Amino acid sequence: MKYTTRRKAILLLADGTIFYGKSVANQEGTSFGEVCFNTGMTGYQEIFTDPSYYGQLMVTTNAHIGNYGTTSAENESEGIKIAGLICKNFSYDYSREIADKSLEEFLAENKLMAISDVDTRALVSYIRDNGAMNAVISTDVDNIEGLKKQLAESPDMNGLELASKVSTKEPYFYGNENATYKVAALDIGIKRNILRNITSRDVYVKVFPYNATFEEMQAWNPDGYFLSNGPGDPKPLVEAQTVAKEIIKRDLPLFGICLGHQVIAIANGVSTFKMHNGHRGINHPVMNLATGKGEITSQNHGFAVNRAEAEANVELEISHVHLNDKTVAGLRMKNKNCFSVQYHPEASPGPHDSAYLFDQFIENIKKTK
């Protein structure tokens, strides 16, 4: 459906800067979150349903969003997790054979506020220069002062615990119960395609809530442990850090991705920090320091591991480095069966350069089984 007349809308940043646009599908409403941008040219449905984006207003840098519709098979979780969408051109029509609905219908089902006709090139340039910050998108364009007041009261992402908002409430199983190996996964924002990648390697997974104890996970007698991706600051995740410490202490096979990678770093006494504007996209170059090979990776994180502290830690080895800014993209423990990466090797969306990491995890399990 096309709309000839749509409500005016604004994006108001925490520093008072305003960008103008129009509401998608003539929506009316207001949504708050931290503004960030993704540089991917495709994969918008996977991005919108990725739990790692919980609480964020997503700016898409691709000029056209919605042109290939949506299909339920590409959801990374139950429903949309972003707080709102900001784009340049919103496509109400789509032309993809396997799509089961338009992006407009998908957003409406999930009650997501979205605005289009925003100068996203100027907006992304501004965020790059000034950093990620809280923001609000709204059709209440005549209430700027009121929106500013509400925005000032919004919680800052720094120090914010969000894993509890997206984690499963009860443990559940994924995969073939007759598989050779068993992996206990701590859900601090897990994506479905990560589970697919693990279970496709002859693994049966039991997924545990974010606050599960090591004893609860160990009681299932798994062959290996996994710490998932997820949203928010890793520092408040004390329970997950405790789980990581207990697994490491016993030298059990452990693999962490994204937020899980940061939790493993903290469990080893290495701090994390909030980045200027984070890494979000499917074209991030990473160097594997063991092989000397480059990888194009899918990334989505606003926090990173302190490189100086990681280099000074005698128990750790930096295994991968982001080539754009030299931040830590992977860690390996020298004397323990534990490794982690900052990016998303399941690549949903994205390239498959890093899929070997799942094989590496299974090989580590085989060595101890």
Side-chain angles (χ1 to χ4, degrees), residues 38 40 42-56 58 68-82 96 98-101 103 106-107 109-110 112 162-177 179 181-210 212 217 222 224-232 240 255-261 280-282 297-301 340-352 354-359 361-362:
N38 188 292
T42 186
Y44 54 75
Q45 184 180 346
E46 295 94 325
I47 291 166
F48 300 164
T49 56
D50 180 351
S52 297
Y53 283 119
Y54 184 88
Q56 293 181 310
M58 173 55 58
Y68 59 83
T70 65
T71 174
S72 56
E74 291 176 355
N75 284 343
E76 287 296 334
S77 65
E78 293 294 334
I80 288 178
K81 294 298 183 291
I82 60 172
R96 189 188 187 198
I98 67 169
D100 49 37
K101 59 173 66 76
L103 182 58
F106 188 62
L107 298 183
E109 282 182 5
N110 287 269
L112 187 86
L162 293 175
S164 60
K165 307 291 186 183
V166 296
S167 177
T168 182
K169 303 303 180 187
E170 298 292 337
Y172 65 92
F173 295 95
Y174 198 98
N176 177 11
E177 62 180 340
Y181 308 104
K182 293 163 58 177
V183 166
L186 190 68
D187 176 11
I188 47 179
I190 202 163
K191 295 171 70 176
R192 286 177 178 166
N193 208 43
I194 287 177
L195 290 172
R196 293 188 194 107
N197 270 270
I198 295 175
T199 56
S200 69
R201 288 162 169 83
D202 198 17
V203 175
Y204 188 42
V205 177
K206 185 174 183 180
V207 183
F208 290 83
Y210 79 102
M217 299 176 75
Y225 295 82
F226 176 76
L227 303 185
S228 81
N229 62 294
F255 179 28
I257 286 177
C258 201
L259 186 59
H261 159 79
R280 297 179 179 89
I282 57 177
T297 67
S298 176
Q299 303 210 5
N300 169 20
H301 60 104
S340 61
V341 289
Q342 181 61 80
Y343 48 97
H344 288 217
E346 89 293 338
S348 185
H352 297 163
S354 307
Y356 70 89
L357 291 164
F358 292 105
D359 297 323
F361 180 40
I362 305 308

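No hydrogens, no waters, no symmetry mates; every other heavy atom, side chains included, goes into these values. Everything quoted here is computed from the prediction, not taken from an experiment.
- Within a 6.0 Å sphere centred on NZ of Lys206, other residues, nucleotides and ligands contribute more than 12 heavy atoms.
- Between Pro351 and Ile282, the shortest heavy-atom contact is CD-O, 3.3 Å.
- Atom-to-atom distance recorded for Asp100:CG and Thr71:OG1 is 4.5 Å, nearest 0.5 angstrom.
- Between Ile47 and Thr42, the shortest heavy-atom distance links the atoms CD1-O, 4.2 Å.
- Nearest heavy-atom pair across Gln299 and Tyr343 is CG-CB, 3.6 Å.
- Residues Ser228 and Gly189 share a closest heavy-atom pair of OG-N, 3.4 Å.
- For the atom pair CD1 of Ile82 and CG of Asn38, the computed distance is 10.0 Å after rounding to the nearest 0.5 Å.
- Note: Phe226 and Phe255 have perpendicular aromatic rings, judged against thresholds of 30 and 60 degrees for the angle between ring planes.
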**OP:** Start with the C-alpha distance between Phe48 and Asn110, add both sets of side-chain angles, then the distance that settles side-chain contact (heavy atoms from CB on, under 4.5 Å), and finish with yes or no.
**Re:** CA-CA 11 Å; Phe48 300 164; Asn110 287 269; over 6 Å; no
**OP:** Quick one: do His301 and His261 satisfy side-chain contact (heavy atoms from CB on, under 4.5 Å)? Show the steps, please.
**Re:** CA-CA 11 Å; His301 60 104; His261 159 79; over 6 Å; no
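- Between the OH atom of Tyr181 and the CD1 atom of Ile198 there is a distance of 14.5 Å, given to the nearest 0.5 Å.
- Looking only at side-chain heavy atoms (C-beta outward), Ile257 and Leu227 stay at 4.5 Å or farther from each other.
- Of all the heavy atoms in Ser164 and Tyr210, the pair that sits closest is CB-CZ, 3.4 Å.
- At a threshold of 4.5 Å between non-hydrogen side-chain atoms, the residues Lys81 and Asp50 do not count as touching.
- For the atom pair CG of Asn300 and CG of Asn229, the computed distance is 8.0 Å after rounding to the nearest 0.5 Å.
- Qualifying side chain to side chain contact (heavy atoms under 4.5 Å, CB included) partners for Ala347, counting only residues two or more places apart in sequence or in other chains: His352.
- Expressed to the nearest 0.5 Å, how far CD of Gln45 lies from OG of Ser72 amounts to 8.0 Å.
- In this structure a side-chain-to-backbone donor-acceptor pair under 3.5 Å is missing from Ser167 to Ile188.
- Pairs passing the side chain to side chain donor-acceptor pair (under 3.5 Å) check and including a residue from residues 186-203, sequence neighbours excluded, read Glu78-Arg192, Thr180-Asp202, Lys191-His344, Lys191-Glu346, Asn193-Arg196, Arg201-Asp359.
- Taking CD from Glu76 and CG from Leu195, the interatomic distance works out to 9.5 Å, rounded to the nearest 0.5 Å.
- Taking the six-membered ring where the residue is Trp, the centroids of Phe173 and Tyr204 are separated by under 6.0 Å.
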Subject >> Evaluation steps, side-chain contact (heavy atoms from CB on, under 4.5 Å), between Asn75 and Phe106 >> reply: CA-CA 11 Å; Asn75 284 343; Phe106 188 62; 3.4 Å; yes
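- At least one donor-acceptor pair under 3.5 Å links the side chain of Ser77 to the backbone N or O of Gly79.
- Contact between Gly69 and Tyr44 at its shortest, heavy atoms only, is O-OH, 2.7 Å.
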